[in-house]
There are 2 protein chains.
Amino acid sequence: MESAFAILAEPNRRALLNLLATSERSVGELERRLRLPQPSVSKHLRVLREAGFVESRVDAQRRVYRLRPEPFMELDSWLAPFRRFWSAHIDALERHLDRMERQPAPKRRNRRASPKGRKR
Amino acid sequence: MESAFAILAEPNRRALLNLLATSERSVGELERRLRLPQPSVSKHLRVLREAGFVESRVDAQRRVYRLRPEPFMELDSWLAPFRRFWSAHIDALERHLDRMERQPAPKRRNRRASPKGRKR
DNA sequence: CAGGCATATACCGGTGTGGGAATATACGTC
DNA sequence: GACGTATATTCCCACACCGGTATATGCCTG
């Protein structure tokens with residue numbers, strides 16, 4: 001279960017993280033909010049803890065979980081190369097729309113030469 | 001296999017996307033660069049395509065794949081709530097280090113705007 | 001120390017998914 | 001049309017993982 005993405009592939013784990021994004025919470029609270037069986041919550045929290053997404057503090061019989069920033073920062077930096085790409089894309093789109101706006105008919109674009117027997 | 005995270009849980013798929021981040025590439029090229037069996041590449045590309053991460057263009061017998069921005073933008077916005085959290089964290093750390101550095105500390109540093117690729 | 005609450009762990013069964021090998025499809029060339 | 005290349009698809013199997021149930025551990029209160 002190495003990668004952060006594998007951890008986040010699980011919907012309930014993402015839900016847990018979303019709740020914890022607001023504030024730290026006890027297991028019982030998470031359990032009630034998500035309407036999940038307690039063992040399920042504990043197991044997912046374990047996975048999240050071992051992956052570094054959360055850490056727990058002991059408060060009497062309760063365990064209070066809170067987020068840790070590192071894995072999110074890693075996610076963010078993984079995303080970085082693609083961010084370059086998609087913002088370029090958006091820029092291009094915007095420029096395109098600009099041109100469309102003041103030039104009614106762009107007539108480039110290729111026509112197909114021979115319509116052939118297509119399958120499917 | 002709904003979520004984008006489930007798609008990215010697969011290391012080979014992430015590798016494919018990383019290659020495509022540079023430029024569009026044919027299946028054969030991806031195959032050679034990643035040293036993966038061809039069916040594997042095709043299968044992963046299919047998953048990526050159906051999830052909207054890539055699209056393919058036909059060039060004679062070749063299929064050339066390129067990235068699509070949407071899923072990455074979704075990822076980025078999923079990350080947003082946590083970004084708030086972790087940048088607060090970093091601010092605290094920076095302020096702390098500042099105080100450590102210059103003895104009896106002055107007030108505050110300026111706020112950070114956008115996170116960059118950090119190392120550990 | 002008993003009993004209760006909060007949480008963690010162990011066990012088990014079903015299922016989805018990735019890898020490998022074989023095969024199918026599409027296209028371009030002779 | 002036969003062949004070669006490029007890519008897609010199918011089939012099968014092993015295995016990881018999730019959910020559920022039962023049980024263990026830890027701490028608090030009387």
Nearest 0.5 Å please: distance from the CG atom of A:N18 over to the CG atom of A:L67.
-> 9.5 Å
According to a strict under-4.0 Å criterion, is A:R63 in side-chain N/O contact with OP1 or OP2 of C:dT7?
-> no
Aromatic plane relationship, B:W78 with A:F72 - under 30° parallel, 30 to 60° tilted, over 60° perpendicular = parallel
Identify every side-chain donor-acceptor pair in residues 33-42 of chain A under 3.5 Å, counting partners at least two apart or on other chains, and give the distances.
{"unit_1": "A:Q38", "atom_1": "NE2", "unit_2": "A:S42", "atom_2": "OG", "d": "3.1"}

Using heavy atoms and a sub-4.0 Å distance, could you list which residues of residues 32-51 of chain B are near DNA chain D? By number, please.
-> B:Q38, B:P39, B:S42, B:K43, B:R46
Do the side chains of A:E10 and B:F5 get nearer than 4.5 Å, heavy atoms only?
-> no
Positions of residues 5-18 of chain B (non-hydrogen atom under 4.0 Å from DNA chain D), listed by number | none
Does any non-hydrogen side-chain atom of B:L75 lie less than 4.5 Å from one of A:L75?
-> no
Taking OH from B:Y65 and P from D:dA6, how many angstroms apart are they, rounded to a whole number?
-> 15 Å
Atom CD of A:Q61 and atom P of D:dG30 are separated, to the nearest Å, by 12 Å
Set of ring-ring contact (aromatic ring centres under 6.0 Å, His included) partners for A:W86, sequence neighbours left out = none
Between B:R62 (CZ) and C:dC27 (C1'), how many Å, whole number?
-> 12 Å
Sequence neighbours left out, what passes side chain to side chain contact (heavy atoms under 4.5 Å, CB included) with A:R32? Give chain and number order.
-> A:E29
Which atom pairs, donor and acceptor, lie under 3.5 Å between side-chain atoms of residues 50-61 of chain A and protein residues at least two apart or in another chain?
{"unit_1": "A:E50", "atom_1": "OE2", "unit_2": "A:R46", "atom_2": "NH1", "d": "3.2"}
{"unit_1": "A:E55", "atom_1": "OE2", "unit_2": "A:R66", "atom_2": "NE", "d": "2.8"}
{"unit_1": "A:R57", "atom_1": "NH2", "unit_2": "A:E24", "atom_2": "OE2", "d": "2.3"}

